[in-house]
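Both backbone and side-chain heavy atoms feed into the values below; hydrogens, waters and symmetry mates do not. Keep in mind that this is a model prediction, so the values were computed, not measured.
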Amino acid sequence: MVVDDQLMVRAGIAAIVDAEPDLSVVGEAADGAAALEVAGRVRPDVVLMDIRMPGMDGLTATARLTARPQPPRVLVLTTFHQDAYVFEAMRAGASGFVLKDTEPADLLAAIRVVAGGEAMLSPAVTRRLIDAFAGGGITATVPDDARLAGLTPREREVLVSIARGLSNAEIGAALGITTGTVKAHVNALLTKLGVRDRVQATIAAYDLGLVRPGATP
């Protein structure tokens, strides 16, 4: 589903997505309020969400969408390459953040990554996210030591790899396990830590001292 107040942007994205055999646009909306209504009807797997729109903005709509039972994955799409938008989008529950001038192939790749249950952040965005957290610019709900103690040694290894920005396939290759096994470990550690996704898991890993800003985990 594509949410943007500019018709030409929606049409362009729809043309790119619908040209793919495994992807299709099931709905469109021009503002956040309409997005909530349309999403309730068409039940998209992924929502491409603009941030700045008249009426209800994309951040508010994202927060409300991700609070629903079995929510869609939200990929924030914007021309505004500013840290504040990245951080607010992550707080609101977005699974990824891409710029509108992203190449079509990269946009399609981002959609597939997010649809597969992973977070989509460029290395530069991830670096700024971590740096801002380390500098006190981001606050997070920190799991207590008991939850951390509940992780198995392998789950800790996977958590550190997530904090390094590795994909499931890369984690599997590094640890010598299958991607399916990695996914199982990721789901288990997210549950044990009480965090929503890989972005929050990354913040938790830094906050708990498993990895440190500026150092190779």
Let me check something: any side-chain donor-acceptor pairs from residues 175-185 under 3.5 Å, sequence neighbours excluded? List them with distances.
unit_1, atom_1, unit_2, atom_2, d
T178, OG1, T181, N, 3.1
T178, OG1, T181, OG1, 2.8

Search all heavy atoms of A35 against all heavy atoms of M49 and return the closest pair with its distance.
CB-CE, 4.4 Å
Backbone of A115 reached by a side-chain donor or acceptor of R73 within 3.5 Å:
no
Point-to-point distance, once rounded to the nearest 0.5 Å, from CG of L190 to CG of N187:
6.5 Å
Please assess L36 against L65 for the test side chain to side chain contact (heavy atoms under 4.5 Å, CB included), listing each intermediate value before the final yes or no.
CA-CA 7 Å; L36 298 179; L65 275 177; 3.6 Å; yes
Check step by step if side chain to side chain contact (heavy atoms under 4.5 Å, CB included) holds for R64 and M56.
CA-CA 11 Å; R64 295 187 182 183; M56 184 187 295; 3.1 Å; yes
Could you list the residues that satisfy salt bridge (Lys or Arg N to Asp or Glu O under 4.0 Å) with E170, not counting sequence neighbours?
none
When you compare the side chain of V98 with that of V76, does any pair of heavy atoms fall below 4.5 Å?
no
Flag side-chain contact, heavy atom, 4.5 Å: L23 against V17
yes
Rounded to the nearest 0.5 Å, how far does CG of N168 lie from CD1 of I162?
7.0 Å
Considering residues at least two apart in sequence or located in another chain, which fulfil the side-chain contact (heavy atoms from CB on, under 4.5 Å) criterion with D18?
A14, S24, V25
Less than 4.5 Å apart, any side-chain heavy atom of F97 and any of I51?
yes
Between A163 and A205 the two heavy atoms that sit nearest each other are CB-CB, 3.9 Å
By side-chain hydrogen bond (donor to acceptor under 3.5 Å, both in side chains), which residues pair with Q6, not counting sequence neighbours?
none
Contacts of D101 that satisfy side-chain contact (heavy atoms from CB on, under 4.5 Å) - sequence neighbours left out
L99
Roughly how far apart are K100 NZ and D4 CG, rounded to 0.5 Å?
3.5 Å
Where at least one partner belongs to residues 20-31, residue pairs that pass salt bridge (Lys or Arg N to Asp or Glu O under 4.0 Å), sequence neighbours excluded
R10-E28, E20-R112, D22-R112
How many angstroms lie between atom CG of L59 and atom CZ of R52, to the nearest 0.5 angstrom?
10.0 Å
Minimal non-hydrogen separation, A94 against T62, with atom names
N-CG2, 3.8 Å
Between L193 and L159, does the side chain to side chain contact (heavy atoms under 4.5 Å, CB included) criterion hold? Intermediate values first, please.
CA-CA 10 Å; L193 293 177; L159 177 56; 3.9 Å; yes
Can you find a pair of side-chain heavy atoms, one from S95 and one from V74, that are under 4.5 Å apart?
no
Non-hydrogen atoms of G40 and R68 that approach each other most closely:
N-NH1, 3.6 Å
Separation between CD1 of I171 and CD of E157, rounded to the nearest 0.5 Å:
10.5 Å
Flag the pair V38 / M1 as yes when at least one side-chain heavy-atom distance between them is below 4.5 Å, and no otherwise.
yes
To the nearest 0.5 Å, how far apart are CG in L189 and CZ in R154?
12.5 Å
After noting the C-alpha distance and the side-chain angles of I13 and L77, does the key distance pass the side chain to side chain contact (heavy atoms under 4.5 Å, CB included) rule?
CA-CA 11 Å; I13 292 174; L77 186 67; 3.1 Å; yes
Has the side chain of K192 got a donor or acceptor atom that lies under 3.5 Å from a matching backbone atom of L151?
no
Residues A39 and P44: closest non-hydrogen pair is O-CD, 3.6 Å
